[in-house]
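To start, the structure itself, in structure tokens.
When a ligand or atom number is given, it counts from 1 through the structure's own listing order.
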Amino acid sequence: MFHEHAPERNKESILSSLKNCMDPSGGSLLEISSGSGQHISYFAAHFPNIEFQPTEINRRLFETINACTHNLSNVLPAKYLDVSSDPSVWLGGQLMNTQYDYILNINTLHVSNFKCTEGLFRGSCCALKPKETGAIIMQSVGEFRLAVSEVLLYSAIISVVVFWCSCKWNNRHINKLDSKMKGPPAYPIIGSALELLGTPEQVINVLLGFYNNYGSEPFKVWLGPFFGVYIIKPEDVQIVLNNSKALQKDRFYEFIKNIFGEGLLTAPVDKWRKHRRLITPLFNANLLSQFFPVFNEKNKILIRNLKKELGKTQPFDLWDYIAPTTLNLICQNAMGYNLDSHSQCGSEFEKAMIKASELDSIRIYKPWLFPNIFFSLFLRLQGQSNVFKTLKKLPLKMINEKKEVFAQKKIVKETIVMNNTDGEKKNLKVFLDTLFELNETGANFSDNDILDEVVTMMIGGSETSAITLCFSLLLLAIHPDIQNKVYDEIYDVLGDGDQTITTEDTIKLVYLEQVLKETLRLFPVLPLVIRKLQDDVKISTTCYIAPLFTHRDCDSYPNPLNFNPENFSQENISKRHKYSFIAFSGGPRGCIGSKYAMLSMKVMMSMFLRNYSVHTNCKFNDIKLKLDLLLRSANGYPVFIQSRDRRPSYKLNKT
Ligand code: HEM
């Protein structure tokens, strides 16, 4: 027999709680984990009309329990019960026939495996009679919560102090820089996070506010405990982007690895160097002309789809048509995968992409979401734990299908055959197949590497162009005179027929290129590029290169908030610093797909404008921006379209 002190100490207070919630006139009670039997013998004496069933997992305690209760006629002999087991085997399977008015459990959960807690709740659902008096009484839970919350509180305080000290230590080298530079107010640990609270629409306005307050000279911002410097002047931007010690992406890119893995965009320098060297030849200007048949074919489908918007009085959102087309283009051109018959997969991917980039961007501006554990919790609370998995579904499907074809054919160069403009057959070099091919020659891309590069290309190659095209068309709708000028050029180059567009045609579409660049100047899809600048003694400083700010510098652009494609006339370009336009970033780690992007956008714009004129009720100042990982219009791209009268404006004006 053994005797414990705790039950002696707390039995009185538990009894008073039981008196509050138990009906003494009758009923039955199942005690789980009766231990020494001290509790049950004490309570049974106070509730003579209630039948008590003691239970215990440790059979050796049965004797002790029974000895404590032998003179109480309302206590049954102790029974074996493993609370973590399935309820169907509780009490030798009797539970299904015998149900109780009360279940009592004291001082178990905080000393047992979590399976026991789960089992207790699961079993209680079966063990309690289905009436309101059924109750689980667990004095131990109160103690348990207190103990855990205290432990959590102390751990949190200690973690914060340790974290603060380590930040202080890591940041010791920037104390001087910090004190000399201007920037928004910052507080320990959270930095300027309070300023950046708010929706994606508000965040972009706060960032623009920083620029308005501090101008083009470098200024500091603390994102959480991390110090960073905004670099805006083209001369300074050029130095950073071309510095071999600034090729490393900053820690914030770790946050977006749940989307891009370690594709080119996010890869650490060593991996990036190797992959970039292998992938760059695929974006060679000579190879790009091979994509034209696909450009022409997919844009024809776009033009056909748009027909249903003709004659409507309500504006529609350009995004709904342009985004699926750019995704379709990159899937076909880079992966050799035709999305036409898998539009459902495409739209699931697009939705997941937007949601994922929204969630990751929220994290960047909220230091309390920096630790993975808090971010996972945040995703759960938002009901979005699966979004990153959903995003990978389409790329995985494409990779697996293409891999099978590659293996089946057992060929080194897998190709797809398309009709080119002259009607002859031509082989198209596909990015994904080239990765498989490179592996055959020892490049060692793992399955994860391939997935990461494919996701990077799909997002880099579709979302960015779609946003730019939508902004461009919206701006042309707002500025009909500029739209006329673009169409006149298209007419002069392509005539009034429907012939397919060639590389040579796109070279001649000079003004259209100015329009696209001016759009990217005003609305750079990637408004922020973050690099880690490391010095010789491995001390690093974060540099924020902000195309959005550099493009609004009055020294480079006299009226920076006006939409003026003349900013990109040869004459005006020659007057400016090369790095005054950095929509595609610059230096060795600049955008690998800039040429592909410009070509595909030129083809889509010219086919669109050749068939339709675009109109809107929206004014320039109505465009509201929002920032997730990319810069978008917060209120969409609302336009109307009309069939194009295929005559240039100079001929129309004469009639
Ligand atoms: C309007 C269209 C586009 C814009 C404005 C744009 C802009 C950019 C920018 C600013 C970067 C540097 C990002 C950083 O350092 O954080 C970048 C990188 C990249 N872009 Fe683009 N991009 C566009 C289209 C494309 C296309 C069509 C592709 C692929 C077909 C592509 C693939 C990539 C890749 C792979 C990188 C990472 C490069 C590296 O780190 O080596 N982009 N892009």
Side-chain angles (χ1 to χ4, degrees), residues 237 240-241 246-257 259-280 282-284 287-288 291 294-295 322-323 326-327 329-335 364 430-432 435 452-472 513 515-532 542-548 550-551 579 581-605 629-632:
V237 170
V240 175
L241 289 181
L247 289 172
Q248 179 67 41
K249 298 291 176 80
D250 188 74
R251 58 171 64 81
F252 293 109
Y253 286 72
E254 291 296 318
F255 295 165
I256 56 172
K257 283 191 177 172
I259 301 179
F260 298 98
E262 285 195 348
L264 280 184
L265 181 74
T266 40
V269 176
D270 289 346
K271 189 175 195 175
W272 166 78
R273 224 187 278 279
K274 181 181 152 215
H275 287 195
R276 176 96 189 200
R277 188 170 43 77
L278 294 168
I279 293 173
T280 297
L282 301 176
F283 288 89
N284 177 314
L287 288 177
L288 295 180
F291 298 134
V294 176
F295 288 158
I322 305 277
T326 54
L327 181 62
L329 278 170
I330 196 73
C331 286
Q332 180 80 72
N333 279 333
M335 272 42 97
I364 291 175
V430 175
F431 167 77
L432 179 54
L435 294 189
D452 296 346
E453 295 302 356
V454 165
V455 172
T456 302
M457 285 301 158
M458 282 175 74
I459 299 179
S462 65
E463 195 82 347
T464 47
S465 305
I467 295 173
T468 309
L469 285 159
C470 288
F471 269 129
S472 259
E513 180 161 328
V515 166
L516 287 166
K517 286 189 172 161
E518 176 67 353
T519 306
L520 279 165
R521 181 188 71 77
L522 279 170
F523 306 119
V525 190
L526 270 110
L528 212 57
V529 169
I530 315 176
R531 293 287 176 85
K532 205 190 250 180
T542 298
C543 290
Y544 298 106
I545 311 280
L548 189 65
T550 302
H551 292 176
Y579 279 73
F581 177 69
I582 47 167
F584 293 104
S585 180
R589 212 164 177 178
C591 177
I592 201 172
S594 58
K595 289 199 176 71
Y596 172 95
M598 287 310 289
L599 280 185
S600 72
M601 291 194 295
K602 274 175 150 184
V603 176
M604 193 185 290
M605 287 289 280
L629 294 182
L630 302 176
L631 184 72
R632 304 167 195 269

Practice problem: Provide the number and element of each atom of ligand 1 under 4.0 Å from a heavy atom of L520. | Solution: 5 (C)
Practice problem: Identify, by atom number and element, the atoms of ligand 1 in contact range of A597, meaning under 4.0 Å from any of its heavy atoms. | Solution: 2 (C), 24 (C), 27 (C)
Practice problem: Using a 4.0 Å heavy-atom cut-off, say whether I582 meets ligand 1 through its side chain, its backbone, both or neither. | Solution: neither
Exercise. Examine the proximity of ligand 1 to I330 and report which part, side chain or backbone, both or neither, has a heavy atom under 4.0 Å away.
Key: side chain
Quiz item: Between K249 and E262, is there a side-chain N and carboxylate O pair less than 4.0 Å apart?
Solution: no
Exercise. Specify the protein heavy atom at minimum distance from atom 13 (C) of ligand 1: its residue, its atom name, and the distance to 0.1 Å.
Key: L265 CD1, 3.7 Å
Quiz item: Looking only at heavy atoms, is any part of T468 under 4.0 Å from ligand 1, and if so is it the side chain, the backbone, or both, or is it neither?
Solution: side chain
Quiz item: If you measure from each heavy atom of L516 to ligand 1, is any distance below 4.0 Å?
Solution: no
Quiz item: Can you tell if the side chain of F523 reaches within under 4.5 Å of the side chain of L548, non-hydrogen atoms only?
Solution: no
Practice problem: Could you check atom 34 (C) of ligand 1 against the protein and tell me its nearest heavy-atom contact, residue, atom and distance included? | Solution: I592 CG2, 3.8 Å
Quiz prompt | Heavy atom of the protein closest to atom 23 (C) of ligand 1 (residue, atom name, distance) | solution = T464 OG1, 3.5 Å
Self-check item: Within the 6.0 Å centroid threshold, strictly below: F295 and Y596
Solution: yes
Quiz item: Does I364 reach the side chain of F255, with side-chain heavy atoms less than 4.5 Å apart?
Solution: yes
Quiz prompt | Per-atom contacts, ligand 1 versus S585 - under 4.0 Å to a heavy atom | solution = 10 (C), 12 (C)
Quiz item: When you look at NZ of K257, are more than 12 heavy atoms from neighbouring residues, nucleotides or ligands closer to it than 6.0 Å?
Solution: yes
Practice problem: Considering only non-hydrogen protein atoms, determine which one is nearest to atom 16 (O) of ligand 1 and report residue, atom name and distance to 0.1 Å. | Solution: Y253 OH, 2.6 Å
Self-check item: SB check R251 E254 (cutoff 4.0 Å)
Solution: no
Quiz item: What protein heavy atom sits nearest atom 27 (C) of ligand 1, and how far off is it?
Solution: G461 CA, 3.4 Å
Self-check item: For M457, the ligand 1 atoms whose distance to one of its heavy atoms is below 4.0 Å
Solution: 29 (C), 35 (C)
Practice problem: Check A583 against ligand 1 and report side chain, backbone, both or neither, counting heavy atoms closer than 4.0 Å. | Solution: backbone
Quiz item: Considering only protein heavy atoms, which is closest to atom 6 (C) of ligand 1, and at what distance to one decimal place?
Solution: F584 CD2, 3.6 Å
Quiz prompt | Numbered atoms of ligand 1 (with element) below 4.0 Å of G460, judged on heavy atoms | solution = 24 (C), 25 (C), 26 (C), 27 (C), 28 (C), 31 (C), 42 (N)
Self-check item: Nearest-neighbour protein heavy atom for atom 42 (N) of ligand 1, which is reported as residue plus atom name and distance
Solution: C591 SG, 3.1 Å
Self-check item: Heavy-atom closest pair, residues D452 and F260
Solution: CB-O, 3.4 Å
Self-check item: Non-hydrogen atom of K249 closer than 4.0 Å to ligand 1
Solution: yes
Quiz prompt | Heteroatom proximity flag, R589 to ligand 1, N/O under 3.5 Å | solution = yes
Quiz item: At a non-hydrogen distance cut-off of under 4.0 Å, which region of Y596 contacts ligand 1 (side chain, backbone, both, or neither)?
Solution: side chain
Quiz item: If you measure every N/O of V525 against every N/O of ligand 1, is any gap under 3.5 Å?
Solution: no
Quiz item: Under 4.5 Å between any side-chain heavy atoms of I259 and L629, yes or no?
Solution: yes
Quiz item: Hey, does I330 have a side-chain heavy atom less than 4.5 Å from the side chain of T326?
Solution: no
Practice problem: Determine whether any heavy atom of G590 lies closer than 4.0 Å to an atom of ligand 1. | Solution: yes
Practice problem: Ignoring hydrogens and angles, state whether a donor on the side chain of T519 or S472 is under 3.5 Å from an acceptor on the partner side chain. | Solution: yes
Self-check item: Positive for side-chain contact (heavy atoms from CB on, under 4.5 Å) with R589, one of R273, Q248, R531
Solution: R531
Exercise. Please tell me if the side chains of L528 and I545 come closer than 4.5 Å, counting only heavy atoms from C-beta onward.
Key: no
Practice problem: Check whether any side-chain heavy atom of W272 sits under 4.5 Å from a side-chain heavy atom of L247, and report yes or no. | Solution: yes
Quiz prompt | Atoms of ligand 1 close to F283 [distance to a heavy atom under 4.0 angstrom, numbered from 1] | solution = 30 (C)
Quiz item: Do L329 and M604 come within less than 4.5 Å of each other through their side chains, counting heavy atoms only?
Solution: yes
Self-check item: Top protein contact for atom 38 (C) of ligand 1, by heavy-atom distance
Solution: R276 NH1, 3.4 Å
